[in-house]
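Here is the structure we will look at.
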Amino acid sequence: MIRTEELLLNVGPQHPSTHGVFRIIVKLDGEIITEATPVMGYLHRGTEKLAENLNYTQIIPYTDRMDYVSAMTNNYVLVHAVEKMMGLEVPERAEFLRLIVMELQRVASHLVWWGTYLLDIGALSPFLYAFNDRERILQLFNELCGARLTYNYMRVGGVKWDAPEGWIDKVKDFVRSMYGRLEEYDDLVSGNEIFLSRIKGIGAYDAETAIAYGLSGANLRSTGVKWDLRKNEPYSLYDRFEFDVPVGQNGDCYDRYLVRMAEIRQSLRILEQALEQFPEGGETMGKVPRVIRPPAGEIYVRIESPRGEIGCYIVSKGKAEPYRLKFRRPSFVNLQILPKLLVGESMTNLVTILGGIDIVLGEVDC
Amino acid sequence: MSEEEKPKSPAEANGPEGAAEASERSAESAVEALSTEAAPASGPAAAPEAAPEAPVRRKETDEEKAARRKAALEAREAAKAAAAQAAAKPAPAAGGDAPAADAPPPPPPSPNQPRLDRAVQLLRERVAEDAVLEASINEPNGHLPTIVVKPERWYACAQLFRTHPELGINYLRNVAGVDHETHMEVVYHLLSMDSGHVYAVKVRTDRERPSVPSVTPIWPTANWNEREIYDLLGIDFPGHPDLRRIMMPDDWVGHPLRKDYAPLDPEV
Amino acid sequence: MQRYWDSPVSWGHAGIFLLGALAVLAVVILFVTYAIYFERKVIGWMQFRQGPNRTGPLGLLQTVADVAKLLLKEDTIPAKADKALFILAPALAFMPSFLVLAIIPYGLHLQFADLNVGFLYYIALSGITTIAIVIAGWASNNKYALLGGMRSAAQMISYEVPLVMSVVGVAMMAGSLNLRDIVLHQAGYFWHWNFIPQIVGFAVFVVAAVSELNRTPFDLPEAESELVAGYHVEYSGFRFAFFMLSEYIYVYAIACLGTILFLGGWNPPFPQLDFIPGLIWFALKFACIVFFLFWIRATLPRLRVDQLMGLAWKVLLPLAIANIFLTALGIEWFGKGG
């Protein structure tokens, strides 16, 4: 009789497909996974502890570095929380700018996800196309706030920089051209036989499991639950714009793919409307006291980041620094379902499933 | 003390007369609360109950509704009169809500108050009388009903939240641990996806041996969240399937997020 | 060249054989250098960027620089690796790839050795590379390398069967396994070439060939994003270069075989273009096949291992067998064509 042994394989922390420094200890029986244990914390930088000694404006750059692929939404969740606690009004122009950059950021983040996901699956070219488009978005951001990745753009009560001359027109051009690019991407990838056979039916779960595990974002919507914080618990100016919330059916990797591609389209739609309605003049910063000292109390706000529900929980004792600042990070919560999904899958599907959840390690570890 | 009375009153209301009496009593307690300075950060607990225009979830009989409205009206008249008396006294500054400091009119009743009361009532009835320690509305946070629950009762309360059709909390949004210097606290933000209702539940425990029953069997979302709180704050969660460190290395000593944590390198 | 083989061996003849071998080696190494360069360039252009363009004019010296770098690297052998096998594997992978070049005819009289069992010689030798890959995976003492080696063995063995079967139809039509005879059988213009009557065989051949070469979409053994380079993860420096070299020499060999077996070898496609020498036609057809290989590498995602096996055994093999059957019927009814 041949004696077989279980193989203990370490995927990561240095691995091209773990989307950051992330380690999965995998027990293999041949090519089938019998058990998977994620290990994280390699990128834990103690943001929450550091925040206890910094005032709110100083924390904003730290939020950029949490989910570095989607930094604008992180900025927003923090300033929104403080503004809500203090009851501050944000001028309309600033709110429009915030919404525009958040939606542009959503498109950029989904492009990164698309490119890297296909790279994991083995297609080399879409990565370059996605980054080409993302480059245009990053150049827009560069013109706006001087940074390409970690923007430090929003402030409590408004935004730091106003849109320069002609910036709005450039964004309009970009939105217009992006529709055509999405068509090209669909032609190249979405109908490809090999791609479909790699993705369909992989990593499926149902709506109940998704809700029980606290999934959010495309992971939740791919099971058919129509839950998008921009519609269900509107914040910023989202209730002024018309857009759909794409949902899937089966909760597998293919549906997550389709939902995210549709979300890019919906973001472009919101951008079109927002750019139409962009106010001519206006302030970029509201009336904010010189020292930002929210009254004692606590607050929990949440917004829809490209990865799901990002939340910010602040306990304030009336000082300029928060007493406790906690971020509810979507990648951290979404990742919990990974061990469950991996049991019984082959090694190749590990990469497919992990990519489909769309995590960013800066956010998982915070 | 006055806060304790007010939540009890809906439970004792068992008829239109009871409601009227209860609201009168609460009006008196409102007066007391305004004149004392003991309002903690749990917001306008002194507000009279029920707003007529509030979207009430549960089905009430018309009599109860009418009685409540009448009682609310009476209570508001009484409170106005009492507030005029207490105008000179400095009113307590509750966290971020309507400034009772300048004008005497008390803050308008929160639209979520009936929901909060109903939840508290359910908890008291179904779990235990002493399960709820405090209940309040967090106004800046979108009028979030906030309930403080006793740690020993927390697991049963969580089960009630999960299974009761009126509460129907199937989504655990967020679990956060806070180190107040005198005690530790774990805050749960709950959401019912079907109705869109949110609740916040806090569980307080002491600092020497902090321990909060784990709700992972009820909401699997809590699994890694509780591990993170254990790792960074040292709160134990009995009942958790796999409680070990998640962010820090496995052999780390100490819990970094605690207020009295001394880092290894004093210059950091 | 053939007459030297047929006459008795002398020192002079041995010298001529050596020179011939060196000439073939030189041509192939030149091809490999510029195939790597063009692959990077072509894939770059398809991905909206330029490939290498800094080292030397237009980046033409890029591969030279890469090879020089690989030669100068530290020669690492993992501590617990099986030293003898570890050192043997790259050499064992390279030798058959060079040996199969002997039988390729570039023109009517341009061939190093004219064997009557030409194609069989190729198949027999290319299997040795599979052994070398498994040895590399095992000797590295690394789980990823082992997984890659196992996958590669399974893949290459599975795809050799349809590869050979697809050529049987061609051999039946030409009546011989001798590569020169096969091309002579296709003498004429493009409607005489084998890819039209043997279209099914051609399709199977192309798919099986891409898989034999371990190229995308079948590059599981080297799947970077999963296995971190698979069986050659522990190889660095010139040993790694040997694996890459053997892969590109096989690309050369398969492209030549495709040209010879299905695309008419050195025959011109149209009578009007007769004056262009056969070698140019051979090179053009060969270049088309190589470009096609680069093209699908840039475009298609990778197949999963079970899908790959399924494709080989459940799709390609039945198709190849059906092709043989149909060819037999065709020959019976229509004669051998020509």
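Values reported hereafter were calculated over all heavy atoms of this structure, with side chains retained and with hydrogens, waters and symmetry mates removed. The chains referred to below are lettered A, B, ... by the order of the sequence lines, with proteins before strands, and numbering in each begins at 1.
Contacts between A:S316 and chain B at a heavy-atom distance below 4.5 Å are absent for every atom of the residue. Interface remark: B:L144 contributes no atoms to any contact with chain A (heavy atom separation under 4.5 Å). When heavy atoms are compared at a cutoff of 4.5 Å, A:R329 approaches chain B solely by way of its side chain, counted from C-beta outward. Using a 4.5 Å cut-off between heavy atoms, A:K326 contacts chain B through its side chain alone, with no backbone atom that close. Contacts between B:V175 and chain A at a heavy-atom distance below 4.5 Å involve the backbone alone (N, CA, C, O). In this structure, chain B has a heavy atom under 4.5 Å from the backbone of A:L215, while its side chain stays farther away. Proximity to chain B (any heavy atom under 4.5 Å) is shown, for A:Q336, by both the backbone and the side chain. In this structure, no portion of A:E208 lies under 4.5 Å from any heavy atom of chain B. Using a 4.5 Å cut-off between heavy atoms, A:P38 touches chain B through its side chain atoms alone. Contacts of B:R244 with chain A are made by side-chain atoms alone, with heavy-atom separations under 4.5 Å and no backbone atom involved. At a 4.5 Å heavy-atom cutoff, A:L50 makes no contact with chain B through either its backbone or its side chain. Heavy-atom distances place the backbone of A:V364, and not its side chain, under 4.5 Å from chain B.
With respect to the salt-bridge test (charged N to carboxylate O, under 4.0 angstrom), the residues B:R173 and A:E233 qualify. A salt bridge is defined here as a Lys NZ or Arg NE, NH1 or NH2 lying under 4.0 Å from an Asp or Glu carboxylate O, and A:R324 with B:E185 fails to meet this definition.
Counting heavy-atom pairs closer than 4.5 Å to chain B, the top residue among A:Y42, A:Y323, A:W227 is A:Y323. Taking B:E181, B:M248, B:R245 one by one and counting their heavy-atom pairs under 4.5 Å with chain A, the maximum is reached by B:E181. Comparing B:D250, B:L191, B:T146, B:V198 by heavy-atom pairs within less than 4.5 Å of chain A, the highest count is held by B:L191. Residue with the most contacts toward chain B among A:I337, A:D365, A:V333: A:D365 (heavy-atom pairs, distance under 4.5 Å).
Closest non-hydrogen pair, A:Y313 versus B:V178, comes out as CE2-CG2, 3.9 Å. Closest heavy-atom contact between A:F332 and B:N225: CE2-OD1, 3.6 Å. The minimum heavy-atom distance between A:A212 and B:P220, with the atom names listed, is O-CD, 3.3 Å.
The environment of NZ in A:K27 is sparse: at most 12 heavy-atom neighbours from other residues, nucleotides or ligands sit within 6.0 Å. More than 12 heavy atoms of other residues, nucleotides or ligands shown are found within 6.0 angstrom of NZ on A:K231. In A:Y205, the OH atom is crowded: over 12 heavy atoms of neighbouring residues, nucleotides or ligands sit closer than 6.0 Å.
One finds the CD atom of A:E298 at 8.0 Å from the CG atom of B:N141 (value rounded to the nearest 0.5 Å). Rounded to the nearest 0.5 Å, atoms CD1 (A:I310) and CG (B:N174) are 11.0 Å apart. Taking CG from A:L43 and CE from B:M247, the interatomic distance works out to 10.0 Å, rounded to the nearest 0.5 Å. We find the SG-CG distance between A:C366 and B:L232 to be 9.5 Å, quoted to the nearest 0.5 Å. Here CD of B:E139 is found 12.5 Å from NZ of A:K84. Values are rounded to the nearest 0.5 Å. Atom CZ of A:R302 sits about 8.0 Å away from atom NE2 of B:H189, to the nearest 0.5 Å.
Judged by distance alone, with hydrogens and angles left aside, the side-chain atoms of A:Y213 form no donor-acceptor pair with the main-chain N or O of B:T221 at under 3.5 Å. In this structure, the side chain of A:N232 does not engage the main chain of B:G196 through any donor-acceptor pair within 3.5 Å.
Side chains of B:W224 and A:L335 form a contact here, defined as non-hydrogen atoms less than 4.5 Å apart. Inter-residue side-chain proximity for A:H44 and B:D231 is flagged as unmet; no heavy-atom pair is nearer than 4.5 Å.
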